[in-house]
Amino acid sequence: MSLAERLRHETRALHEETEQLLYTEPLRSGTLAPEQYTHLMQIHGLFHHALETAIDRHPVFFEGYQPDERRKSAWLATDLAALDASLPDLRPDLFADWSPVELLGAAYVGEGSMLGGKVVFHHLQKSPALQPLLQNARFYRGYGPGMMDKWKAFGVLLAARPEAEHDTVVEAAKWTFRTYQKLFRLTLTEKPAVG
Ligand code: HEM
């Protein structure tokens, strides 16, 4: 099985788990609240900031990845500013000790998450409370019509990795999904009970 196929199959359950955790129910039913949308932007913001910083430490390995064409943290900063919010103060160095091969697994999760972005943006627009906030939303517009080209180019990078590295990339991708789940819980601000 190719590395791309292994990644899709072996992280499918974690994708579903993460999707559920990240407000899929209110998202799909068009009832996502502005606070929940802001929370999502903060999670993605922390994740992409940390990933981009880590990838920048390995410019030679990631040359073909074209990091400058794939940056999302600036989009997220713009979206958060429009919400009058910012990145939570904690700026975890999530990938401090990760090797380039492991970071490729993390990049798979980051790039793959953009595939679902179109669907998510569609669901977000069903929520009346969010409509005024989405006019200039940038992150979920993602790569726009360039999405599939970007995904295919990423697939070429995966296909070039020797088989001896595949287990490492897959394990790293699994850890990355768990990292998303951890970020969700770390940044959750409990509202005081009403009444
Ligand atoms: C409600 C939220 C989400 C929805 C509705 C969603 C939906 C989707 C859809 C429809 C695809 C397949 C697109 C295609 O094959 O053309 C996809 C792929 C993917 N998504 Fe999500 N997603 C969500 C959240 C996430 C999150 C939060 C992450 C990362 C933490 C993520 C990571 C991925 C990855 C890695 C793939 C690529 C799977 C492959 O190898 O083909 N998704 N998503």
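Counting starts at 1 for both ligands and their atoms, in listed order. What you see is a predicted model; the values in this text were computed from it and never measured. All heavy atoms count here, side chains included; hydrogens, waters and symmetry mates do not.
- The shortest N or O to N or O distance between Thr24 and ligand 1 is not below 3.5 Å.
- The heavy-atom pair separating Tyr65 from Arg70 by the smallest distance is O-NE, 2.7 Å.
- For Lys118, the NZ atom is loosely surrounded, since the number of other residues' heavy atoms within 6.0 Å does not exceed 12.
- Considering all non-hydrogen atoms of both residues, Phe95 and Ala106 come closest at CE2-CB, 3.8 Å.
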Could you go through the side chain to side chain contact (heavy atoms under 4.5 Å, CB included) check for Phe139 and His48 one step at a time?
CA-CA 11 Å; Phe139 176 67; His48 286 291; 4.0 Å; yes

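- Atom 29 (C) of ligand 1 has as its closest protein heavy atom Val109 CG1, 3.5 Å.
- A salt bridge does not link Arg57 to Asp97: none of the charged side-chain nitrogens sits closer than 4.0 Å to a carboxylate oxygen.
- When the side chain to side chain contact (heavy atoms under 4.5 Å, CB included) test is applied to Glu17, the partners found at least two apart in sequence or on another chain are Leu14, Gln181.
- Atom 41 (O) of ligand 1 has its closest protein heavy atom at Arg8 NE, 3.0 Å.
- Excluding water, every protein N/O/S atom under 2.8 Å from atom 21 (Fe) of ligand 1 is given here by residue and atom: His15 NE2.
- Remark: Arg71 engages Asp56 in a salt bridge, criterion side-chain N to carboxylate O under 4.0 Å.
- Within 4.0 Å of atom 15 (O) of ligand 1, not a single protein heavy atom is present.
- For ligand 1, the atoms sitting less than 4.0 Å from at least one non-hydrogen atom of Leu27 are 1 (C), numbered in the order shown with element in parentheses.
- In summary, the aromatic rings of Tyr23 and Phe184 are positioned with their centroids under 6.0 Å apart.
- When hydrogens are left out, the protein atom nearest atom 10 (C) of ligand 1 is Val119 CG2, 4.1 Å; that is the closest non-hydrogen contact.
- Separating the CD1 atom in Ile43 from the CZ atom in Arg185 is a distance of 10.5 Å, to the nearest 0.5 Å.
- Of the heavy atoms in Val120, only side-chain atoms (C-beta onward) come closer than 4.0 Å to ligand 1.
- By the 30° and 60° cut-offs, the orientation of the rings of Tyr108 relative to Phe154 is parallel.
- For the side-chain contact (heavy atoms from CB on, under 4.5 Å) with Glu102, the qualifying choice from Thr176, Val169, Thr168 is Thr168, the only one to do so.
- Nearest non-hydrogen protein atom to atom 30 (C) of ligand 1 is Tyr180 CD1, 3.2 Å.
- Each of the atoms 35 (C), 37 (C), 38 (C), 39 (C), 40 (O) of ligand 1 lies under 4.0 Å from some heavy atom of Tyr108.
- Under a 4.0 Å criterion applied to the non-hydrogen atoms of Leu22, ligand 1 contributes the atoms 27 (C).
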